[in-house]
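Since the model is a prediction, treat every value here as computed from it, not as a measurement. We count ligands from 1, going down the list as the structure has it; atoms in each ligand are counted the same way.
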Amino acid sequence: MAIQSLRTLPVEDLTEFDAYTELKALAQEIAAHDKAYYQEDTPKISDADYDALRQRNMAIEEKFPHLKRKDSPTDKVGTPVQSAFSKITHAVPMLSLGNAFNQDDVQDFIDRVRRFLGLGEGEQVDIVAEPKIDGLSISLRYEKGRFKHAVTRGDGAVGEDVTQNVLTMKEIPLNLPDDAPDIVEIRGEIYMAKDEFEELNRQQEAAGAKVFANPRNAAAGSLRQLDTSITAKRPLRIFAYAWGELSVPVADSQMSVIEKFKDWGFPVNPLTKTCASLDEIMALYNQINEDRPELSYDIDGVVYKVNRLDWQERLGMVTRSPRWAIAHKFPAEKAQTLLEAIDVQVGRTGKLTPVARLKPVTVGGVVVSNATLHNADEIERLDVRVGDTVMIQRAGDVIPQVVEVVKSKRPDESTPYIFEEKCPICDSHATREEGEVDYRCTGGLVCGAQAVERLKHFVSRNAFDMDGVGAKNIEKFWEKGLVKTPADIFRLSDHEDTIAKWEGWKEKSIANLKTSIEERRTIGLDRFIYALGIRQVGQATAKTLAKNYLSFTTWQDAMIAAQDKESTAYQDLIAIDGIGEAMAQDLIDFFEEDHNREVMTDLHEQLNIEDFVAPQTDDSPVAGKTVVFTGTLVTMTRSEAKAKAESLGAKVSGSVSKKTDYVVAGESAGSKLKKAQDLGVSVLSEEDWHNLTSNL
Ligand code: IVH
């Protein structure tokens, strides 16, 4: 019988043979539609027809469970093997959260919110509190009610497309009801329940396969499988707790949006509650902490979110976390173990960090064998010695620390540890500058450790993000003399024949290496600056610099000119919000070093460094403009004004110069207003500012 006519038969009337034939045909047909829709973006049938196919498939499987196919569309959709995950830019960045560790930090958070919003004493701030799930975050995009794609957090701006894998998760609805807006991005945490994780590990062990360290690693490993049929067998679950792009607002409070998500079929955490005061918040925190061992999934704290969405919007974000939310972490877990040795590690800036080598011990579900001792002063403060029994603690992702020596267990023959003032790698003298806690190796470039650490930083995820190169390979390339400076990485293809002879290097890994290098010849200015590993210049500062100088050459020229402290280049540099004199000095020092300049010139020849483009603000009239706020603002607080301006792509400066585009003058503005008038800079009232920037 032809398949089309079979499909008109009620499922109850199908013979076993009919069912077998139809399931086979449906599996092929649905796979072809998935490919057309998800990979080629050209659906061949209507959504309703597609849903009907899947429903038919499920109905037959329910009646004939023994005929369910290994490649059943119910738990496996799309092509089984993806060559690699492609990247997708988040429509709205995925943020992380600031941390609170005690009641005072939570009080500070609430005070900050009140201050930022300029709230009067009588005004109550409702806070939604919910468990912080220990998994990995995901963004699920729906267009016109249909699931479109799933993307991991990645670096917050760009994540990996894990659509095919997420499609295997039964808890995730494929369609949204009619009341959902055209565009909906649901954000939440993918996790594995504790008992399901144990069971998975039992199976893995029996099969001689990899055993996972904890449920979070198991969830991450399962989601990032290239073979979706493996993901389909893993018990992945989700809690929805936030959102990205929404074409139309769905409610006016955090709590009601979450309730909507629940109505739409997403699992939401049942412990989520609205609290009206700090006392209520703390009571809930303590309750959740107490119940933690009995919960079926791992959590590592409680997240607090301002309930009113208009307030969330006004609060906006700082660097990469919202001002309207914070994670209150649970106290660190502790354990006792033997300290077998103290090694000193050398960082990329030459900083010496003593590390305790420990007898392996499990702390909070993770085996720990190293802990940081921070610096020489800390060793002295703790009087920690080799052979001591120590108390270590581990909090979240933080590196484990030695917190205390168990003096009663100290062996009689023990002697104090002496911190040697020399670099363990290159033997150079180590010095400590006035007021600094750390010793630094003076070896500079002769110190292999520094060079290797710098190179590792250069290829790391938030810098050049070169998967195919990777930290381990860097060590090898360095040892073999193929890579001494960052630009050498871009000349690695010249050594292809040499590398091919090394053990473990196959055609595929060499191809990956080459692709990784070629893909990164074009790089954004902010990533480039961050990758240079200049002291104190983290991601946020790198972005600030890129935003202010826009192109590599402008930045380089300005940094060189800024060596003269009398220059306008120097004045402009320290006028940038977020750049203080100490950081300016580090930048100048970096550019003063001949070797660094050579490295940059060499790199510049290898690369196409893209000019910085302010995100999503192209049509903003203040994008790229420098704005100074002065005087008393009445309709917004100073921090709010600054945050809003920056979100529209403007640079906010603290002082007025010829380069200032607008001065927004509040009440009783003084010298800055006068200077603006003298220099002929446009002066706006608060109202003018709002007119200029509203509807954006
Ligand atoms: S809200 C803009 N709520 O924690 C707010 N995050 O440390 C975004 N997380 O990247 C996050 N449980 O992966 C939120 N109930 C919860 C959460 C939660 C776990 C994770 C999430 C985020 C990380 C930040």
Under 3.5 Å: N or O atoms of ligand 1 paired with protein N or O:
unit_1: ligand 1; atom_1: 3 (N); unit_2: K305; atom_2: NZ; d: 3.1
unit_1: ligand 1; atom_1: 4 (O); unit_2: K132; atom_2: NZ; d: 3.3
unit_1: ligand 1; atom_1: 7 (O); unit_2: K132; atom_2: NZ; d: 3.4
unit_1: ligand 1; atom_1: 12 (N); unit_2: I133; atom_2: N; d: 2.9
unit_1: ligand 1; atom_1: 13 (O); unit_2: S137; atom_2: OG; d: 3.3
unit_1: ligand 1; atom_1: 13 (O); unit_2: E189; atom_2: OE1; d: 2.7
unit_1: ligand 1; atom_1: 13 (O); unit_2: E189; atom_2: OE2; d: 3.4
unit_1: ligand 1; atom_1: 13 (O); unit_2: Y241; atom_2: OH; d: 3.3
unit_1: ligand 1; atom_1: 15 (N); unit_2: E130; atom_2: OE2; d: 2.7
unit_1: ligand 1; atom_1: 15 (N); unit_2: P131; atom_2: O; d: 3.2

Applying side chain to side chain donor-acceptor pair (under 3.5 Å), which residue pairs with at least one partner in residues 270-287 are found, sequence neighbours left out? Q287-D291

For the residue pair F109 and Y304, is the inter-centroid distance of their aromatic rings smaller than 6.0 Å? no

Is there side-chain contact between D105 and N102, with heavy atoms separated by less than 4.5 Å? yes

Side-chain heavy-atom pair L95, M317 within 4.5 angstrom cut-off: yes

Sequence neighbours excluded, which residues qualify as salt bridge (Lys or Arg N to Asp or Glu O under 4.0 Å) partners of D179? K260

Please name all residues satisfying salt bridge (Lys or Arg N to Asp or Glu O under 4.0 Å) with R520, sequence neighbours left out, ordered by chain then number. D465

